[in-house]
Q: 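Take this structure first; my questions come after.
Both counts, for ligands and for their atoms, begin at 1 and track the order of listing.
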Amino acid sequence: MSTHDLVPLERARAGLDACVHCGFCLPACPTYLALEDENDSPRGRLLLMGALLDGSVRPDDPAVGTHLDQCLGCRGCETACPSGVPYGRLLEATRESLLPHRPLPFVARVVLGVFANEWALRPALALARLARASGIAALAARLLPARLAMPFAMLASTARPERQGYEPQGDGSRGTASLLTGCVMEGLFTEVNRATERTLTVNGWTMRTTDGQRCCGALHAHAGDADTARALARENIAAFERSGADVVVLNSAGCGAMCREYGHLLADDRAWAVRASAFSDRVRDVHQLLASAGPVMLPVPAHARDVAAGAIRVAYDAPCHLQHAQRIVEPPLAVLHAANGVSLVPLADSDQCCGSAGIFNLVLPEVAERVLAPKLVRIAESGADVVATGNPGCLMQIGGGLRLSGSEVQVRHPVELLDESYARAQRPG
Ligand code: SF4
Ligand code: SF4
């Protein structure tokens, strides 16, 4: 068998060669811990990639496909690896190489098709909001058997209580920022996007809107559909060039990690490589921006002190694409520390994946459930009232799991909690 048709993997070979097979990454791998099979570990998967390249296994071998499909792409192995193996890039190159040999499952093709096409995405998100607002999602989550109920529980967990906004006051001295609003974030977590804009304004940023932006392409890149990811990336780069903001800000860890990769994704495209790399250089995570000069702590007025005194216990769960892919660890904690009324409690194994991983939990729900189970136990042990995490997939996966397990614990984005504390500080007495 020729390796000509595995070109993306062939190009990434140097990263593969960096692996010394030490196994330090094994305890950091959620699928190895859940499935207890070396083939479902980083080291095992890297060996499979090498076997694909040397031709000892075929790209259409179903067993190889299964073990690579069962990787969450969480990149927990990357931060554990002493040799600097770029596992995330290797995985995406492998999946891109395998795509012509193994079509994606039907569910994946439908979901990726919807996210790539505005005409399908808008009505799909509107339908989801309708199911949430009408209570159908919550009802289905209660009545259906667990496996079927999970997508509805995830959707129901995105509901937020209505609350009064406030007029954010800031001096605009930090520069201009524009939010990549995202598909699921703007469609189902609209309030988190508005909270992001308000808290950044309070922290000295002037917010600009960017028309013509699209899905970031992360779901497509992770599934191996790099061509669609590149097409979406080009549209976003052009849109944010037109908006001219100093920084492109993201509040979704997965989308942020993808946007930082645009330079790599389009490195071979002569017309776009420089623009893509300039775009990636402008990308910032919202926690990073907030924590880089603060965040501002607004004094709690006397009439709101009772709220601050009865602090809610918040456990922070680190999204993999913030912790491992973007290596942003402290800033979300700084945001939570700055939120009056929040008391942080430790969460064991908070750096372990929850099993969401883009559309992984829709395509391989059994594996996702096994990865989520220890997370739910840790959350219960923490005694938290709220789990805070900065990624829509994690918010929904943990939120859905908590709901189905009968837990009262809520899930929130850290920025929501900061925004609520700012709102309290500005509430008229
Ligand atoms: S990926 Fe890194 S940690 Fe894992 S076996 Fe290879 S060298 Fe060791
Ligand atoms: S990306 Fe995550 S699931 Fe995949 S091999 Fe690495 S640690 Fe394991």
Q: Taking NZ, NE, NH1 and NH2 as the nitrogens, is one of them in Arg198 or Glu191 under 4.0 Å from a carboxylate oxygen of the other?
A: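 A salt bridge links Arg198 with Glu191.
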Q: Is atom CZ of Arg327 surrounded by more than 12 heavy atoms (other residues, nucleotides or ligands) closer than 6.0 Å?
A: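 Counting neighbours around CZ of Arg327, more than 12 heavy atoms of other residues, nucleotides or ligands fall under 6.0 Å, so yes.
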Q: With a 3.5 Å cut-off and no angle check, do the side chains of Arg174 and Ser292 form a donor-acceptor pair?
A: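 Side chains of Arg174 and Ser292: pair found under 3.5 Å.
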Q: Considering heavy atoms of the protein only, find what lies nearest to atom 6 (Fe) of ligand 2 and give residue, atom and distance to 0.1 Å.
A: Cys77 SG, 2.4 Å
Q: Checking a contact table here: which protein heavy atom is nearest atom 2 (Fe) of ligand 2, and how many Å away?
A: Cys74 SG, 2.3 Å
Q: Go through ligand 1 atom by atom and flag the ones less than 4.0 Å from a non-hydrogen atom of Ser83.
A: 7 (S)
Q: Identify, by atom number and element, the atoms of ligand 1 in contact range of Pro82, meaning under 4.0 Å from any of its heavy atoms.
A: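 Answer, ordered by atom number: 3 (S).
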Q: Check each atom of ligand 2 against the heavy atoms of Arg75 and keep those under 4.0 Å away; list them by number with element.
A: 1 (S), 2 (Fe)
Q: Is there a heavy atom of Gly23 sitting under 4.0 angstrom from any atom of ligand 1?
A: yes
Q: Considering only heavy atoms, does Leu26 approach ligand 1 within less than 4.0 Å through its side chain, its backbone, both, or neither?
A: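 It is neither; nothing of Leu26 touches ligand 1.
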Q: Is there a donor-acceptor contact under 3.5 Å linking the side chains of Asp246 and Thr176?
A: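 Side-chain D/A pair, Asp246 to Thr176: present.
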Q: Report, in ascending order of atom number, the atoms of ligand 1 lying under 4.0 Å from any heavy atom of Leu46.
A: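 The atoms of ligand 1 under 4.0 Å from a heavy atom of Leu46 are 1 (S).
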Q: Please list the nearest protein heavy atom to atom 7 (S) of ligand 1 with its residue and the distance rounded to 0.1 Å.
A: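 Nearest protein contact, heavy atoms only, for atom 7 (S) of ligand 1 is Val20 N, 3.3 Å.
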Q: State if Gly84 counts as touching ligand 1 under the rule of any non-hydrogen atom under 4.0 Å.
A: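 Gly84 does not count as a contact of ligand 1 under the 4.0 Å cut-off.
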Q: Would Asn39 and Tyr32 count as having a side-chain donor-acceptor pair, cut-off 3.5 Å?
A: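 No, because no side-chain N or O of Asn39 sits under 3.5 Å from a partner of the opposite role on Tyr32.
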Q: Using a 4.0 Å heavy-atom cut-off, say whether Tyr87 meets ligand 2 through its side chain, its backbone, both or neither.
A: side chain
Q: Any salt bridge between Asp69 and Arg102, counting N to O under 4.0 Å?
A: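 Salt bridge flag = yes for Arg102 with Asp69.
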Q: For Ala253, does its backbone N or O pair with a side-chain atom of Gln326 as donor and acceptor, under 3.5 Å?
A: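 Yes; judged by distance alone, with no hydrogens or angles, the pair exists.
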Q: So, is Cys81 placed with an N/O/S atom under 2.8 Å from atom 2 (Fe) of ligand 1, counting both backbone and side chain?
A: yes
Q: Can you list the ligand 1 atoms lying under 4.0 Å from a non-hydrogen atom of Cys22?
A: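 Here the atoms of ligand 1 in question are 3 (S), 5 (S), 7 (S), 8 (Fe).
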Q: Below 4.0 angstrom from a heavy atom of Pro42, which ligand 2 atoms are there? Numbered from 1 as shown, please.
A: 5 (S)
Q: Heavy-atom contacts under 4.0 Å between Glu78 and ligand 2: side chain, backbone, both, or neither?
A: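 Looking at Glu78 and ligand 2, no heavy atom falls under 4.0 Å.
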Q: Please report the interatomic distance CD(Glu197) to CG(Asn251), rounded to the nearest 0.5 Å.
A: 9.0 Å
Q: Using a strict 4.0 Å cut-off to heavy atoms of Cys29, name the atoms of ligand 2 that fall inside it.
A: 3 (S), 5 (S), 7 (S), 8 (Fe)
Q: Quick one: do the Gln397 and Asn361 side chains pair a donor with an acceptor below 3.5 Å?
A: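 Short answer, yes.
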Q: His67 and side-chain hydrogen bond (donor to acceptor under 3.5 Å, both in side chains): which single residue from Asp61, Thr31, Asp40 fits?
A: Asp40
Q: Only heavy atoms of His21, strictly under 4.0 Å: list the atoms of ligand 1 that pass.
A: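 Answer, ordered by atom number: 5 (S), 6 (Fe).
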Q: Check each of Leu68, Leu33, Leu72, Val367 against atom 3 (S) of ligand 2 and report the one with the nearest heavy atom.
A: Leu72
Q: Around atom 5 (S) of ligand 2, find the nearest protein heavy atom and jot down its residue, atom name and distance.
A: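 For this ligand atom, the closest protein heavy atom is Arg45 NH1, 3.2 Å.
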Q: Report, in ascending order of atom number, the atoms of ligand 2 lying under 4.0 Å from any heavy atom of Gly73.
A: 1 (S), 4 (Fe)
Q: Please work out whether the ring planes of Phe279 and Tyr262 are parallel, tilted or perpendicular, with thresholds of 30° and 60°.
A: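 Phe279 vs Tyr262 ring planes: parallel.
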Q: Check this for me: does any side-chain nitrogen of one of Glu96 and Arg230 sit under 4.0 Å from a carboxylate oxygen of the other?
A: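 Yes, this pair counts.
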Q: Side chains of Thr190 and Asn193 only: does a donor on one sit below 3.5 Å from an acceptor on the other?
A: no
Q: Strictly under 2.8 Å, is atom 6 (Fe) of ligand 1 approached by any N, O or S atom of Cys19?
A: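 Of the N, O and S atoms in Cys19, at least one lies under 2.8 Å from atom 6 (Fe) of ligand 1, which means yes.
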Q: For atom 4 (Fe) of ligand 2, what's the nearest protein heavy-atom neighbour? Residue, atom name and distance, please.
A: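 For atom 4 (Fe) of ligand 2, the nearest protein heavy atom is Cys71 SG, 2.3 Å.
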